[in-house]
There are 2 protein chains.
Amino acid sequence: MPALSPTERRLLEVAIDHFGRFGLDGASTRAMARDADTLMSSITYHFGGKTGLYLAAADHIAVTMAGFVAPALEQIATLFEGIPKPADARRALHIIVAHMIGVMVKDETAAIARFVVREQADPTEAFDRIYAGIMGLMLARVAGLLRIVSHNRLDEHAAKLRAMTIVGQILIFRVGRAAVLRGAEWTEIGEDEIKELQAHVADNLEAILDRLERGGSA
Amino acid sequence: MPALSPTERRLLEVAIDHFGRFGLDGASTRAMARDADTLMSSITYHFGGKTGLYLAAADHIAVTMAGFVAPALEQIATLFEGIPKPADARRALHIIVAHMIGVMVKDETAAIARFVVREQADPTEAFDRIYAGIMGLMLARVAGLLRIVSHNRLDEHAAKLRAMTIVGQILIFRVGRAAVLRGAEWTEIGEDEIKELQAHVADNLEAILDRLERGGSA
DNA sequence: GTCTATAGTCGGATAGAC
DNA sequence: GTCTATCCGACTATAGAC
């Protein structure tokens with residue numbers, strides 16, 4: 001893919017925000033162009049129209065999300081030498097989960113989450129691109145690690161479902177942010193709060209992995 | 001509150017759907033009126049305008065959600081006689097979690113979820129009403145049960161955060177439905193699939209509760 | 001590539017008949 | 001309570017100047 005021009009980059013970032021808030025129909029090309037310091041007609045020029053911008057925004061999300069998780073994947077790549085053992089997989093899962101919590105609560109994730117959640121509720125081609133670009137890969141990765149921990153007692157299907165429950169524990173801090181803030185009586189989620197969340201999720205994860213490794217019912 | 005007229009009821013149901021999909025600004029009063037087999041001006045008459053309908057929809061959601069969880073709450077009410085013991089609380093939590101999964105995957109929940117998730121991303125007075133009406137109560141309920149299981153080692157704050165992680169495991173099957181269907185290679189979530197999800201989440205819950213009751217790190 | 005102008009559609013609110 | 005008519009603003013797309 002060709003490098004993005006500054007105008008295209010600004011438009012894509014604004015587009016993720018506006019489409020996430022208002023949807024494909026609800027978002028206004030005029031407003032997006034204004035926020036990106038350009039003109040409505042440049043959307044037609046660069047992306048072929050509103051729908052083209054929408055799909056380009058989805059691709060941009062996949063690339064951005066991949067960049068978010070890259071550091072964690074690099075870190076765990078160093079853990080494995082030869083045949084992966086449950087203890088390695090457990091460490092890798094803890095790294096991934098802690099990293100994802102840090103990513104999820106960041107403000108920069110808010111716009112992307114709005115877009116993706118909306119697509120989940122009413123999937124279009126944009127969802128295909130995001131799923132194929134990053135979500136499916138991450139899910140498979142976590143599921144694979146869970147299988148290792150379980151000594152392959154979990155089959156691929158079960159491992160994927162289990163991976164979703166792990167991810168769900170993290171996602172709620174983004175998707176249910178307003179309820180979390182209210183329930184926890186927080187006004188923001190800063191470094192201290194992140195550590196607190198990470199401790200709780202890590203503790204849950206440890207409990208679940210213990211059971212998986214020892215071979216509880218599944 | 002007065003009983004709802006048929007027109008009001010239809011308008012509220014359509015409103016939850018449309019506002020959930022398109023947001024307060026994006027939804028069209030004309031389209032909502034059409035889908036509810038009435039006229040745009042009846043929105044003004046019954047609810048004072050678009051914003052009035054929006055807030056009324058939020059109240060309607062709180063009532064509907066309360067109705068959804070009522071059966072589980074009634075069921076667990078019979079469990080407690082005298083001072084609640086950890087074993088009672090564990091049974092109650094399993095009942096609540098299994099019930100919530102059943103509720104979350106139902107199609108009727110989709111529209112409500114869209115509305116609530118949107119409010120979470122950008123809370124307005126509507127969120128206050130839903131949180132005060134039902135969400136906060138359920139969160140407190142689950143947190144209270146977790147505290148009992150932990151022999152009160154969890155304080156109120158920690159128990160609420162832990163409750164959110166439990167709920168997150170369930171919410172993902174609604175909020176991330178498209179990814180779940182794709183990852184699990186399902187085309188729908190029917191009775192068999194619900195049982196499968198319930199088994200996985202129950203297994204996670206059992207692991208987490210074991211650790212909480214025995215007193216792992218928190 | 002950037003910008004203006006415009007055609008055509010749809011939006012919410014409201015006044016007022018019945 | 002139900003329905004029509006109308007006002008005015010905002011929207012997308014597009015043609016075309018520069």
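Below, chain A is the first sequence line, B the second, and so on; all start at residue 1.
The side chain of A/R30 sits closest to C/dT6 out of C/dG1, D/dT2, C/dT6. Taking only side-chain atoms of A/K50, from C-beta outward, the nucleotide of C/dT2, C/dG11, D/dT12 with the closest atom is D/dT12.
At whole-Å resolution of the value, CD in A/E8 and P in C/dG1 are 7 Å apart. Between B/Y54 atom OH and C/dG12 atom P the separation is 15 Å, expressed in whole Å. Distance, A/L53 CG to D/dA13 P: 11 Å, rounded to whole Å. Protein atom CZ of A/R34 is 15 Å distant from nucleotide atom C1' of D/dT12, rounded to whole Å. If you take CG of A/L39 and P of D/dA17, they are 18 Å apart, rounded to a whole angstrom. Look at CE on B/M32: it is 14 Å from C1' on C/dC10, rounded to the nearest Å. Residue B/Y45 contributes atom OH, which lies 15 Å from atom C1' of C/dA17 at whole-angstrom precision. B/D25 has its CG atom 18 Å from the P atom of D/dG9, to the nearest Å.
Salt-bridge annotation for B/R118 and B/D122: absent, with no side-chain N of the basic residue lying under 4.0 Å from a carboxylate O of the acidic one. With respect to the salt-bridge test (charged N to carboxylate O, under 4.0 angstrom), the residues B/R91 and B/D88 qualify. In summary, B/D203 and A/R162 engage in a salt bridge, as defined by a charged side-chain N under 4.0 Å from a carboxylate O. Under 4.0 Å is where a charged nitrogen must lie from a carboxylate oxygen, and between B/K160 and B/E156 no such pair does.
B/S41 comes within 4.0 angstrom of a base, heavy atoms only. Using a 4.0 Å heavy-atom distance criterion, B/A27 is classed as a sugar-phosphate-only contact. Looking at heavy-atom distances under 4.0 Å, A/A31 makes no contact with the nucleic acid at all. Using a 4.0 Å heavy-atom cutoff across all strands shown, A/T44 reaches at least one base atom of the nucleic acid.
Ring pair A/F127/A/Y131 is tilted by interplanar angle, where 30° to 60° counts as tilted.
At least one side-chain nitrogen or oxygen of A/S28 sits closer than 4.0 Å to the OP1 or OP2 atom of D/dC11. For A/T38, no side-chain nitrogen or oxygen approaches OP1 or OP2 of C/dT2 to under 4.0 Å.
Remark on DNA chain C: of its neighbouring residues B/T29 and A/M40, the 5'-side contact belongs to A/M40, judged by nearest-heavy-atom nucleotide.
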